[in-house]
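Numbering of residues begins at 1 and proceeds along the displayed sequence.
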Amino acid sequence: MSTTTINLIDSFQEFKDFKNIDRPTVISVLEEVFRSMLRKKYGNDENCDVIVNPDNGDLEIWRTRKVMEDGFSEDDDLEIELAEVSKLDSTLEVGDDYIEQVTLESFGRRAILAARQTLVSKVLELEKDEIFKKYKDRVGEIITGEVYQVWKKETLVLDDEGNELLMPKTEQIPADYFKKGDSVRAVISKVEMINANPKIIISRTAPEFLQRLFEQEVPEIFDGLITIKKIVREPGERAKVAVESYDDRIDPVGACVGMKGSRIHGIVRELKNENIDVINFTNNLSLYITRALSPAKITSIKLDDETKHASVYLKPDQVSLAIGRGGHNIKLAGKLTGYEIDVYREAGEETDEDVDLEEFSDEIDSWIIDELKAIGCDTAKSVLALTIEDLVKRTDLEEETIKEVVQILQSEFE
């Protein structure tokens with residue numbers, strides 16, 4: 001047997017192991033490739049049988065021709081004359097079928113190489129289609145994969161069958177740090193065909209990822225007793241989840257958080273300590289906005305339904321809580337409720353009330369605030385009680401900086 005033939009047989013061995021393609025498909029692909037070789041060789045394949053055994057990669061080709069009287073054969077591809085056939089098998093008579101096995105060698109080396117090429121490309125094409133179909137139906141599902149390679153803009157993850165999944169940097173939580181071999185959980189967010197190659201994008205920042213994690217941790221959500229109405233996220237920083245239960249006996253927030261936070265703890269860990277606020281959904285808008293701004297306590301609220309604006313009034317010590325670090329809390333509350341929220345300190349309280357320094361974080365750099373706190377000044381008034389000379393002496397701050405800070409603090413009380 002020539003090496004080429006063995007090569008082709010080896011190819012079948014490979015094909016029977018292909019992971020994403022079912023047996024009948026492999027057999028029909030192989031059969032089609034050989035039938036086209038037969039057509040090229042004999043001009044006809046109707047009288048040929050191609051038998052493929054996918055279990056051991058064996059292949060047999062049988063060709064049947066009708067035995068004719070000498071001089072009566074009109075088509076040598078379908079018929080054979082008695083004189084010729086008697087040299088091959090003396091038992092045959094006119095009208096019998098002459099069946100012979102077609103060997104792979106008889107096709108010639110080039111035809112076999114071309115067949116192998118066709119075979120490989122057809123199977124690859126089928127594989128890609130299969131992967132695409134498989135993942136197209138799984139968008140929104142959580143998948144666990146292994147990190148294979150980490151680049152600057154994306155990470156390549158392999159699923160348990162070795163299919164490639166891509167996680168762009170934008171779909172990773174800022175605190176995510178992966179190295180080769182790490183196990184990673186993400187949600188399948190997009191599947192598309194690009195130049196006949198399936199491209200599967202996975203994400204850890206999509207709201208669906210958080211939703212699926214809740215479904216895994218909270219049986220009541222999985223069973224449909226609790227519904228997640230909406231999720232908004234600042235990945236790695238904060239998330240707000242509005243939940244509702246159709247069963248009065250179930251406290252949806254309690255069920256999601258679990259005993260001593262047991263259920264939510266795993267989710268928070270998976271999301272690199274993202275702060276998750278679970279709130280009870282309600283159709284009462286002002287109550288919904290009040291809940292969305294938790295942990296801040298609201299004194300009163302005015303809604304403008306036409307412009308979708310909410311003016312929220314709070315005690316001065318609640319303002320920084322409502323806004324949240326980096327403004328995340330108020331931003332997410334706005335996204336969750338669909339209203340633009342403006343926060344105001346309650347009128348008439350400024351004069352007697354002091355204001356926490358943290359509330360000036362949008363105007364004063366945090367390192368300056370830390371510097372002032374280090375000398376015991378936590379509030380605006382405690383800073384204003386000292387002279388500029390005193391402040392310069394006791395902190396590491398420049399006089400210019402201190403004058404600016406004092407100006408900002410004074411304008412708060414004017």
Side-chain angles (χ1 to χ4, degrees), residues 10-11 13-23 25-26 29 116-217 231-239 241 265-276:
D10 284 351
S11 306
Q13 300 286 2
E14 284 166 41
F15 294 130
K16 75 174 186 354
D17 299 333
F18 265 108
K19 48 185 182 272
N20 287 315
I21 305 173
D22 55 2
R23 291 281 174 88
T25 315
V26 172
V29 168
R116 181 180 164 82
Q117 221 38 55
T118 315
L119 219 46
V120 171
S121 60
K122 278 205 168 157
V123 170
L124 281 176
E125 211 170 286
L126 278 170
E127 279 227 280
K128 288 171 181 173
D129 277 351
E130 283 301 317
I131 294 171
F132 177 74
K133 273 194 245 144
K134 174 180 159 184
Y135 274 99
K136 193 77 189 150
D137 298 339
R138 293 183 60 191
V139 169
E141 264 183 47
I142 275 192
I143 188 163
T144 304
E146 186 181 309
V147 174
Y148 184 69
Q149 216 164 350
V150 180
W151 297 297
K152 204 168 168 186
K153 289 194 171 159
E154 55 192 6
T155 297
L156 177 64
V157 177
L158 300 183
D159 71 3
D160 49 12
E161 290 178 342
N163 298 318
E164 298 188 350
L165 318 169
L166 278 178
M167 181 158 54
K169 200 78 182 145
T170 50
E171 302 300 322
Q172 295 173 30
I173 296 167
D176 275 342
Y177 170 74
F178 300 117
K179 53 190 190 304
K180 188 176 163 75
D182 283 353
S183 179
V184 58
R185 276 206 288 178
V187 72
I188 300 163
S189 74
K190 200 160 96 186
V191 180
E192 48 193 359
M193 269 291 197
I194 294 175
N195 304 332
N197 282 318
K199 187 176 182 188
I200 302 150
I201 303 288
I202 57 174
S203 168
R204 286 170 55 79
T205 58
E208 291 80 29
F209 184 48
L210 181 49
Q211 178 157 351
R212 296 290 168 267
L213 289 174
F214 265 108
E215 286 168 9
Q216 285 183 357
E217 296 287 337
I231 292 182
V232 288
R233 285 179 73 189
E234 283 285 328
E237 290 288 343
R238 195 170 205 133
V241 183
H265 185 65
I267 301 176
V268 170
R269 224 181 19 236
E270 174 72 58
L271 300 181
K272 303 285 184 265
N273 293 334
E274 193 168 303
N275 257 318
I276 303 173

Subject >> Derivation of the side-chain contact (heavy atoms from CB on, under 4.5 Å) call for Phe178 and Val157 >> reply: CA-CA 10 Å; Phe178 300 117; Val157 177; over 6 Å; no
**OP:** Test side-chain contact (heavy atoms from CB on, under 4.5 Å) on Glu125 and Lys122 and set out the steps.
**Re:** CA-CA 5 Å; Glu125 211 170 286; Lys122 278 205 168 157; 5.5 Å; no
**OP:** Test Ile142 against Leu213 for side-chain contact (heavy atoms from CB on, under 4.5 Å), laying out the working first.
**Re:** CA-CA 8 Å; Ile142 275 192; Leu213 289 174; 3.8 Å; yes
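Applying the salt bridge (charged side-chain N to carboxylate O under 4.0 Å, His left out) test to Lys169 and every residue at least two apart in sequence or in another chain returns nothing. Among residues two or more places apart in sequence or in another chain, the salt bridge (charged side-chain N to carboxylate O under 4.0 Å, His left out) test is passed with Lys136 by none. Take Lys179 and apply the salt bridge (charged side-chain N to carboxylate O under 4.0 Å, His left out) test, not counting sequence neighbours, and it matches Asp182. Residues passing the salt bridge (charged side-chain N to carboxylate O under 4.0 Å, His left out) test with Glu237, sequence neighbours excluded: Arg325.
For the pair Leu156/Leu166, a side-chain contact is recorded, criterion being any heavy-atom separation below 4.5 Å from C-beta on. Between Ile188 and Leu165, the closest side-chain pair of non-hydrogen atoms is not below 4.5 Å.
Looking at every heavy atom in both residues, Ile173 comes nearest to Pro235 through CG2-C, 4.2 Å. Shown here for Glu171 and Ser203, the closest heavy-atom pair between the two residues is OE1-OG, 2.6 Å. Here the shortest heavy-atom pairing between Leu210 and Glu274 reads CD2-OE2, 4.4 Å. The shortest heavy-atom contact between Ile202 and Pro168 is O-CD, 4.0 Å. Taking all atoms of both residues into account, the shortest heavy-atom contact from Lys134 to Asn163 is NZ-ND2, 3.9 Å. When every heavy atom of Thr155 is checked against every heavy atom of Gln172, the shortest pair comes out as OG1-NE2, 3.0 Å.
For the atom pair Ile143 CD1 and Tyr135 OH, the distance stands at 3.5 Å (nearest 0.5 Å). Between atom CD1 of residue Ile267 and atom CZ of residue Phe209 there is a gap of 10.0 Å, rounded to the nearest 0.5 Å. Atom CD1 in Ile200 sits 9.5 Å away from atom CZ in Arg138 (nearest 0.5 Å). Of the inter-residue distances, the one linking Leu124 atom CG with Leu119 atom CG reads 10.0 Å to the nearest 0.5 angstrom. With rounding to the nearest 0.5 angstrom, the CD atom of Glu130 is 10.5 Å from the CD atom of Glu161.
Counting non-hydrogen atoms of other residues, nucleotides and ligands closer than 6.0 Å to CD of Glu164 gives a total of 12 or fewer. More than 12 heavy atoms of other shown residues, nucleotides or ligands fall within 6.0 angstrom of atom CD in Gln149. Atom CZ of Phe132 has more than 12 neighbouring heavy atoms from other residues, nucleotides or ligands inside a 6.0 Å radius.
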Name every donor-acceptor pair, under 3.5 Å, that has one atom in a side chain of residues 189-198 and the other anywhere in the protein, sequence neighbours excluded.
unit_1 : atom_1 : unit_2 : atom_2 : d
Ser189 : OG     : Ile201 : O      : 3.3
Asn197 : OD1    : Lys128 : NZ     : 2.8

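Counting only residues at least two apart or in different chains, salt bridge (Lys or Arg N to Asp or Glu O under 4.0 Å) contacts with residues 195-216 comprise Asp176-Arg204, Arg204-Glu270, Arg212-Glu215.
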